[in-house]
Number of protein chains: 2
Amino acid sequence: MFSHSEENYLKVIHNLELTNSKNVSTTLIANELQTKASSVTDMLKKLADKKLVNYEKYKGVTLTKQGEIIALNVVRKHRLWEVFLVDKLNFNWDEVHEVAEQLEHIKSDQLIDRLDAFLNYPTKDPHGDPIPTKNGKMPLDNSILLSDAHADIVYEVSCVKDNSKSLLQFLDKHAITINSEITIVDKFDFDDSMTVKLSNGILLTLSNKVSANVFVNLK
Amino acid sequence: MFSHSEENYLKVIHNLELTNSKNVSTTLIANELQTKASSVTDMLKKLADKKLVNYEKYKGVTLTKQGEIIALNVVRKHRLWEVFLVDKLNFNWDEVHEVAEQLEHIKSDQLIDRLDAFLNYPTKDPHGDPIPTKNGKMPLDNSILLSDAHADIVYEVSCVKDNSKSLLQFLDKHAITINSEITIVDKFDFDDSMTVKLSNGILLTLSNKVSANVFVNLK
DNA sequence: ATATATTTTTAGACTTGTCTAAATTTAAAA
DNA sequence: TTTTAAATTTAGACAAGTCTAAAAATATAT
């Protein structure tokens, strides 16, 4: 079994491998975990001893197969708990992160299997992120960033990239949620902002900061 | 906020205050927590510094008001999670303890309030133990031990004193559960065993070890 | 290509919670 | 009441995870 801390490191490394380059740096991990680079180095050595990461001094890390399995399992638990919190306990999507950060470390395969069944085997969490399967597969889809999408085509919101309270609350306020219909009406080179139309006809101007954090799919 | 370890100590001290004398000894705590007496001494000093226990060298401890409030809150969370596991995730009553031991330390008032509502404000856990209220009151009832009950009176099982797997599975096997009807037919002085009749007419002989761990109420 | 800045690692320290072994106190028995 | 036994505490050590400050390696800029 692995400690909360080890699980957190693996999860964050996995996350950074997806969003950044394949090779993850010490500082990047330190930022993500709100800790110091020296602490990260210490932990990377420990994880390397346990064959959970490939670590070479000054060269950054990658997860081993074993490390990835554990990371995906933590992500799976995190996202299943988020579904529970939103679907069953009526939490809002911007309120679930901190609690799920705790719940993801509960150790019981039976618990997570039964929770999965209770929730009816969801495939996405409340932010649209895919829930890894029990055997460690991460379902991928062909979403693109709204900022890369084209005008006059009907898309639907599939996922939110940045799960920060501020973005989620912004989207809430404008009634944009997972599966919302959205069409780009106009794009502005000056600041990469865009005007979009929602299914209720409302027109909205979104900054690049927003559109670069929302994934969409063809409707 | 308090650590898992501190919460566990407070919970165990509270428990021992109820079942044993008002004043709890170091060794008793050590046994309950599967740890060493010297570790307990260390922690008692720490808890005393934080005004959570009244501790005098060589004299044992009692909880302060503050300590009791925290202990009851941990018990509340433990028991609510047990209800969730049994009622919603179909766990058996002998399978919930270890998982609830982990879940009881999740820190979120909002979570526990909503869980309480989701479960419809239960007042007892799956073993019949009362769930402390949000403001730290432990509902008591007038149950007595089956071993102290009288013959030829119809009782119902209200609570199980010892939540060990072995007892719970024994009771399961004989279809004795919370709210089961039970009547003492005969008591034997020799070994304090008794013959009881269940509502389905089945006769059963129970050792004192069993009857001294089952609470009953007048029907 | 050399100087400067940034990143990463090391060394040593601290905290929390635990342990063993020895010393001390309290309780029980002869 | 004195001796023996049991319970409790102290002292010193250890592991996990973190930190600061300084040293070493790498990357950047002129």
Side-chain angles (χ1 to χ4, degrees), chain A residues 1-13 16-17 19-63 67 70-71 74 101-102 104-107, chain B residues 1-13 16-17 19-63 67 70-71 74 101-102 104-107:
Chain A
M1 276 309 102
F2 303 97
S3 70
H4 285 205
S5 195
E6 289 171 329
E7 288 188 347
N8 280 333
Y9 273 89
L10 294 174
K11 186 185 61 171
V12 159
I13 294 167
L16 292 172
E17 276 186 349
T19 56
N20 292 61
S21 54
K22 188 87 222 313
N23 215 282
V24 179
S25 79
T26 303
T27 321
L28 222 50
I29 298 170
N31 286 340
E32 205 67 23
L33 284 172
Q34 308 269 58
T35 182
K36 294 290 141 72
S38 56
S39 310
V40 175
T41 302
D42 290 344
M43 182 56 96
L44 293 184
K45 286 181 188 166
K46 217 174 303 177
L47 295 174
D49 285 348
K50 298 190 178 182
K51 312 267 186 232
L52 300 175
V53 298
N54 305 113
Y55 170 58
E56 218 183 324
K57 265 194 191 180
Y58 297 103
K59 297 282 167 58
V61 275
T62 58
L63 291 179
I70 295 159
V74 176
E101 288 284 294
Q102 297 180 62
E104 73 190 5
H105 300 295
I106 301 292
K107 275 158 185 71
Chain B
M1 277 307 103
F2 303 97
S3 70
H4 286 204
S5 195
E6 289 171 328
E7 288 188 348
N8 280 333
Y9 273 90
L10 294 174
K11 184 184 63 171
V12 159
I13 294 167
L16 292 172
E17 276 186 350
T19 56
N20 295 59
S21 55
K22 188 87 219 318
N23 215 282
V24 179
S25 80
T26 303
T27 320
L28 222 51
I29 298 170
N31 285 341
E32 205 66 23
L33 283 172
Q34 308 269 57
T35 185
K36 294 290 141 71
S38 56
S39 309
V40 175
T41 303
D42 288 345
M43 183 55 95
L44 293 184
K45 285 179 188 165
K46 217 173 303 178
L47 294 174
D49 285 349
K50 297 189 178 182
K51 313 268 186 229
L52 300 175
V53 299
N54 304 111
Y55 171 58
E56 216 182 324
K57 265 192 188 184
Y58 297 103
K59 297 281 166 61
V61 274
T62 58
L63 291 179
I70 294 159
V74 176
E101 287 285 294
Q102 297 180 62
E104 74 189 5
H105 300 294
I106 302 291
K107 276 158 186 68

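Residue numbers start from 1 in every chain, and the chains themselves are labelled A, B, ... in the order their sequence lines are given, proteins ahead of strands. What you see below is based on every heavy atom in this structure, not just the backbone, and it leaves out hydrogens, waters and symmetry mates.
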Taking OP1 and OP2 of [N], is either one under 4.0 Å from a side-chain nitrogen or oxygen of [X]?
| X | N | answer |
| --- | --- | --- |
| Ser39(B) | dT18(C) | no |
| Ser38(B) | dA21(C) | no |
| Lys45(A) | dT10(C) | yes |
| Lys57(B) | dT25(C) | no |
| Thr35(B) | dC19(C) | yes |

Thr41(A) side chain, from C-beta outward: closest of dT10(D), dG17(D), dT9(C):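 Between dT10(D), dG17(D), dT9(C), the one nearest the side chain of Thr41(A) would be dT9(C).
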Between Lys51(A) (side chain) and Asp49(A) (backbone), is there a donor-acceptor pair under 3.5 Å?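 Absent.
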Tell me the interatomic distance from [X], atom [atom1], to [N], atom [atom2], rounded to whole angstroms.
| X | N | atom1 | atom2 | value |
| --- | --- | --- | --- | --- |
| Lys50(A) | dA15(D) | NZ | P | 14 Å |
| Lys46(B) | dT9(D) | NZ | P | 15 Å |
| Leu44(B) | dT10(D) | CG | C1' | 14 Å |
| Met43(A) | dA16(D) | CE | C1' | 8 Å |
| Ile29(B) | dT9(D) | CD1 | C1' | 14 Å |
| Asp49(A) | dA16(D) | CG | C1' | 14 Å |
| Leu47(B) | dT9(D) | CG | C1' | 16 Å |
| Lys59(B) | dT26(C) | NZ | P | 6 Å |

Considering every strand and a 4.0 Å limit on heavy-atom distances, what is the contact class for Ser5(A): base, sugar-phosphate, or nothing?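 Since only primed, P, OP1 and OP2 atoms lie under 4.0 Å of Ser5(A), the category is sugar-phosphate.
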Using the rule given for side chain to side chain contact (heavy atoms under 4.5 Å, CB included), can you reason through Val24(B) versus Val12(B), listing the C-alpha separation, both sets of side-chain angles and the distance that settles it, and then say yes or no? CA-CA 10 Å; Val24(B) 179; Val12(B) 159; over 6 Å; no
Classify the ring geometry of His4(A) against His4(B): parallel below 30°, tilted from 30° to 60°, perpendicular beyond 60°.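 Perpendicular: the ring planes of His4(A) and His4(B) meet at over 60°.
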On DNA chain D, compare the nucleotides closest to Tyr9(A) and Tyr58(A); which residue's is nearer the 5' end?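 Result of the comparison: Tyr9(A).
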Check step by step if side chain to side chain contact (heavy atoms under 4.5 Å, CB included) holds for Leu10(A) and Leu52(A). CA-CA 8 Å; Leu10(A) 294 174; Leu52(A) 300 175; 4.0 Å; yes
Please tell me if the side chains of Lys11(A) and Glu32(A) come closer than 4.5 Å, counting only heavy atoms from C-beta onward.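 The answer is no; the side chains never approach within 4.5 Å.
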